[in-house]
S.K.: 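Take a look at the following structure, please.
One is the number of the first residue; the rest follow in order along the sequence.
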Amino acid sequence: MGLFDKLFKRTPKAGEPVEINDENFEQMVLASDTPAVVDFYSNRCSPCHVMGGLLSEVGPDYADRVNIFKLNVDDNPQSATHYQVMSVPTLVFFKNHRPVDKVAGLIQLNPLRAKLDSLA
């Protein structure tokens, strides 16, 4: 959620990426029966902002079928280390409580949709 969203207390739309952290990662991602994608990012990374925008754009199309999460690696190194995130942005796809795919770097819109379709 961006600065203006916080200032104006805007609630995210269904399917928009939800910010998570090391403390709630297991509960939000691993304990859920809904497939998920986690966007490991850094605020200092320009490609991460592009990836975040793509996920925000496609997220509503996958509401209730795939949970989309964002995790800031600078603030949450434990999860990033556990999933061997060496560069950002990195997307890790989860199904049946475990990681099933991983993409490092930017991914174009159509391949992203294809991965989400196969996950859903």
Side-chain angles (χ1 to χ4, degrees):
M1 185 178 286
L3 175 63
F4 289 108
D5 295 335
K6 289 179 184 175
L7 285 174
F8 297 108
K9 297 185 181 359
R10 184 183 82 79
T11 56
K13 295 178 197 168
E16 283 190 5
V18 174
E19 189 79 33
I20 60 173
N21 57 45
D22 283 341
E23 288 75 35
N24 66 4
F25 189 96
E26 185 172 338
Q27 175 192 1
M28 298 293 288
V29 179
L30 301 177
S32 175
D33 289 330
T34 305
V37 60
V38 179
D39 175 18
F40 290 84
Y41 77 99
S42 171
N43 285 327
R44 299 174 285 133
C45 163
S46 295
C48 295
H49 294 287
V50 174
M51 181 59 64
L54 288 174
L55 289 169
S56 292
E57 182 178 327
V58 301
D61 296 340
Y62 295 91
D64 300 324
R65 296 188 296 148
V66 177
N67 292 328
I68 300 175
F69 299 108
K70 303 170 29 159
L71 186 127
N72 185 320
V73 298
D74 297 324
D75 298 335
N76 301 283
Q78 180 181 343
S79 296
T81 300
H82 181 76
Y83 292 101
Q84 299 175 349
V85 174
M86 302 298 176
S87 64
V88 289
T90 292
L91 300 179
V92 180
F93 299 85
F94 292 84
K95 192 168 189 173
N96 298 323
H97 314 286
R98 63 183 181 84
V100 294
D101 198 2
K102 183 176 172 180
V103 176
L106 280 175
I107 181 172
Q108 294 179 351
L109 185 59
N110 288 335
L112 175 60
R113 284 186 185 276
K115 287 196 173 287
L116 292 171
D117 286 340
S118 69
L119 197 62

S.K.: Looking at Val66 and Val37, what are the two nearest heavy atoms and their distance?
M.R.: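 In terms of heavy atoms, the two residues are closest at CG1-N, 4.3 Å.
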
S.K.: Can you see which heavy atom on Ala36 is nearest to which on Val29, and at what distance?
M.R.: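 Residues Ala36 and Val29, closest heavy atoms: CB-CG1, 4.3 Å.
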
S.K.: Any chain of hydrophobic side-chain contacts (each under 4.5 Å) joining Phe93 to Phe69?
M.R.: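 No, no single cluster joins them.
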
S.K.: So, Lys95 side chain and Pro35 main chain: donor-acceptor pair closer than 3.5 Å or not?
M.R.: no

S.K.: How long is the span from the SG atom in Cys48 to the NZ atom in Lys70, to the nearest 0.5 Å?
M.R.: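 Rounded to the nearest 0.5 Å, the SG-NZ separation comes out at 10.0 Å.
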
S.K.: Same cluster for Val38 and Val100 if Ile/Leu/Val/Met/Phe/Trp/Tyr side chains link at under 4.5 Å?
M.R.: no

S.K.: Quick one: pull up CE in Met28 and CG in Asn21 and give me the separation to the nearest 0.5 Å.
M.R.: 9.5 Å

S.K.: State, with a plain yes or no, whether a side-chain heavy atom of Ser32 is found less than 4.5 Å away from one of Asn67.
M.R.: yes

S.K.: Is there side-chain contact between Leu54 and Ile107, with heavy atoms separated by less than 4.5 Å?
M.R.: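 Leu54 does not reach Ile107 side chain to side chain.
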
S.K.: Once rounded to the nearest 0.5 Å, what's the spacing between atom CG of Leu116 and atom CG of Leu55?
M.R.: 7.0 Å

S.K.: For Glu23, is the CD atom crowded, meaning more than 12 foreign heavy atoms sit under 6.0 Å from it?
M.R.: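 Yes, CD of Glu23 has more than 12 neighbouring heavy atoms, counting only those of other groups under 6.0 Å.
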
S.K.: Can you give me the closest heavy-atom contact between Ala31 and His97, atom names plus distance?
M.R.: O-CE1, 3.8 Å

S.K.: Looking only at heavy atoms, which two atoms of Val73 and Ser42 are closest? And how far apart?
M.R.: CG2-CB, 4.3 Å

S.K.: Working to the nearest 0.5 angstrom, can you tell me the gap between Asn96 CG and Leu30 CG?
M.R.: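 Between Asn96 CG and Leu30 CG, I get 12.0 Å after rounding to 0.5 Å.
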
S.K.: Could you report the tightest heavy-atom contact between Asn72 and Glu19, atom names first, then the distance?
M.R.: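 In this case the closest contact between Asn72 and Glu19 is N-OE2, 3.7 Å.
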
S.K.: Strictly by ring-ring contact (aromatic ring centres under 6.0 Å, His included), give each pair with a member in residues 20-55 just once, sequence neighbours left out.
M.R.: Phe25-Tyr83, Phe25-Phe94

S.K.: How long is the span from the CG atom in Asn43 to the CG atom in Asp75, to the nearest 0.5 Å?
M.R.: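 Rounded to the nearest 0.5 Å, the CG-CG separation comes out at 7.5 Å.
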
S.K.: Do Leu109 and Leu119 land in one hydrophobic cluster if side-chain heavy atoms of ILVMFWY residues count as linked below 4.5 Å?
M.R.: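 Per the 4.5 Å side-chain linkage, Leu109 and Leu119 are co-clustered.
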
S.K.: Restricting to pairs with a member in residues 107-120, which pass side-chain hydrogen bond (donor to acceptor under 3.5 Å, both in side chains), not counting sequence neighbours?
M.R.: Asp61-Arg113, Tyr62-Asp117, Asp101-Lys115

S.K.: How far apart are the closest heavy atoms of Asp22 and Leu71, and which atoms are they?
M.R.: N-CD1, 4.3 Å

S.K.: Kindly work out whether a path of hydrophobic side-chain contacts (I/L/V/M/F/W/Y, heavy atoms less than 4.5 Å apart) joins Ile68 to Ile20.
M.R.: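 Cluster IDs for Ile68 and Ile20 differ.
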
